[in-house]
Amino acid sequence: MTPALADAGSVSIGCVVAAFLVAFASVRLAIAYARRRGMVDAPGRRRSHTMPTPRGGGIGIVLGALVGMPASLLLLPGSPGAATVGAFTVAVIAVAAIGWLDDHGSLPIRPRLLIQLAATLLFCIAVASGTTSLLWSIPLLLAGVWCINLHNFMDGIDGLAAQQAMFFGAASAALAWAAGNPAIAIAGLAMAAAALGFWWFNRSPARIFMGDVGSGTLGLMVFAMSAMLWGFRTNLLWPALIFSSAFVVDATLTLLVRMLRGARWYTPHREHLYQWLVRRGASHRKVATGYLAWNVLVCIPVAWIAFRLPAAAPACFGVVYLLGAAVWRTGKRYGLRRRERHVSA
């Protein structure tokens, strides 16, 4: 093994292990801190838990990711460049900070959205500067802000959002490694390791919730990883989008249906598929297992096909999302039928 390879291996292992250890230790501290500061979510009609639970544990994911991801992105072969890594780091800190403040006391939507827009735009400009046109920053901005918020919407039961982050981080790492980019690959593993450090305390029954500090920042990181994969090789975007299909389909279709019904779509609710399943009697663990099954049985094989056959990648993307929409609709109908039988009984 050459010295360069040995150094790269040491950096890789160090980034991943440090991300896990920092996240794990930070979440343990966050549990005590949240209780001391009264940062506790009480059960309610629009929530899926039955016991008062501390929130804000996602700060562990943020700190762990900040230890592991920028270092791997900057120091390993295939780095997207100092400007992109710097913009990523600043964006993560900004989105996490506004989420952390919101976890301490609910903030109006406007300042939260403004910070999300500014942070995401900074990163989008950095990524787009390496493409044919800075105009790519516009669709990237829209995608990034939606990714931040949809992960916030999907963080509603024990373990689900952290599990998805672990899957996406590991899957994107495998994708980047297969494409020949160690920097993005190890960043994905560091993201997964940080999420694992939090998941240990958030698995059902949860000892602490992620809070906006974690869910919004995870959304930004998922978007950033997808954008960096696209920046490295455009055809890698399709598999990356396939990895996120479970959350994107559930959050997007739920939002569209609520808007079409004229509901106040921006207010808290329990109408996502995962929430319907819990309301109809499924445990948090069983629902999370169902989403994991989709990732493993559908996303991984189809994403691999999309990677190996770039010409077929858009079709693979379309098939997965159409199938996901069909599963979403079937799950909603199942929930409605169970409710009707319960009412008639």
Side-chain angles (χ1 to χ4, degrees), residues 4 7-27 58-100 115-116 118-130 137 140 144 147-148 151 162 165-166 168-173 175-177 179-198 213-232 236 240:
D7 289 345
S10 299
V11 169
S12 300
I13 294 171
C15 287
V16 175
V17 172
F20 172 76
L21 293 177
V22 169
F24 189 89
S26 298
V27 177
I59 188 66
I61 301 176
V62 174
L63 295 176
L66 285 173
V67 167
M69 294 182 73
S72 60
L73 287 169
L74 196 60
L75 300 176
L76 294 174
S79 171
T84 298
V85 178
F88 168 76
T89 305
V90 171
V92 166
I93 292 172
V95 171
I98 197 68
W100 184 240
I115 292 295
Q116 291 172 6
T120 307
L121 180 60
L122 175 67
F123 176 75
C124 291
I125 291 173
V127 172
S129 64
S137 60
L140 285 172
C147 196
I148 290 171
H151 278 78
M166 288 189 291
F168 180 88
S172 61
L175 177 64
W177 190 267
N181 191 309
I184 298 178
I186 301 305
L189 286 181
M191 173 183 167
L196 175 61
F198 168 77
V213 63
S215 58
T217 310
L218 273 182
L220 175 67
M221 290 191 289
V222 168
F223 162 72
M225 288 291 295
S226 302
M228 287 187 288
L229 285 167
W230 170 76
F232 174 64
L236 298 181

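By the side chain to side chain contact (heavy atoms under 4.5 Å, CB included) test, A23 pairs with A194, sequence neighbours left out. Residues that satisfy the side chain to side chain contact (heavy atoms under 4.5 Å, CB included) test with L121, not counting sequence neighbours, are I125, L141. By the side chain to side chain contact (heavy atoms under 4.5 Å, CB included) test, S172 pairs with F168, M225, L229, sequence neighbours left out. By the ring-ring contact (aromatic ring centres under 6.0 Å, His included) test, W100 pairs with Y33, H104, sequence neighbours left out. C15 is linked by a side chain to side chain contact (heavy atoms under 4.5 Å, CB included) to V11, A71, S72, I186, counting only residues two or more places apart in sequence or in another chain. With sequence neighbours left out, F232 forms a ring-ring contact (aromatic ring centres under 6.0 Å, His included) with no residue at all.
Summarising the geometry of M69 relative to A187, their closest heavy-atom pair is CG-O, 3.5 Å, with the distance given to 0.1 Å. When all heavy atoms of G219 and C147 are compared, the pair lying nearest together is O-SG, 3.2 Å. A227 and L140 get closest at one heavy-atom pair: CB-CD2, 4.4 Å. When all heavy atoms of A195 and A162 are compared, the pair lying nearest together is CB-O, 3.8 Å. Here the closest non-hydrogen pair linking I115 and A94 is CG2-O, 3.6 Å. Shortest non-hydrogen contact noted between P77 and N181 is O-OD1, 3.9 Å.
In this structure, the side chains of L220 and Q116 stay at 4.5 Å or more apart for every pair of heavy atoms. Side-chain atoms of M228 and F123, non-hydrogen and from C-beta on, do get closer than 4.5 Å to each other. Using a 4.5 Å cut-off on side-chain heavy atoms (C-beta onward), H151 and T217 make no contact. V127 is not listed as a side-chain neighbour of S137, based on a closest heavy-atom distance of 4.5 Å or more.
We find the CG-CD1 distance between L196 and I61 to be 10.0 Å, quoted to the nearest 0.5 Å. Here OG of S12 is found 4.5 Å from CG of L76. Values are rounded to the nearest 0.5 Å. For the atom pair CD1 of I184 and CG of L236, the computed distance is 8.0 Å after rounding to the nearest 0.5 Å. For the atom pair CG (L21) and CG (L63), the distance works out to 13.0 Å, reported to the nearest 0.5 Å. To the nearest 0.5 Å, atoms CZ (F88) and CD1 (I93) are separated by 10.0 Å. Residue L189 holds its CG atom at 11.0 Å from CD1 of I13, rounded to the nearest 0.5 Å.
Listed by first and then second residue, the side-chain hydrogen bond (donor to acceptor under 3.5 Å, both in side chains) pairs that reach into residues 73-86 come to none, sequence neighbours excluded.
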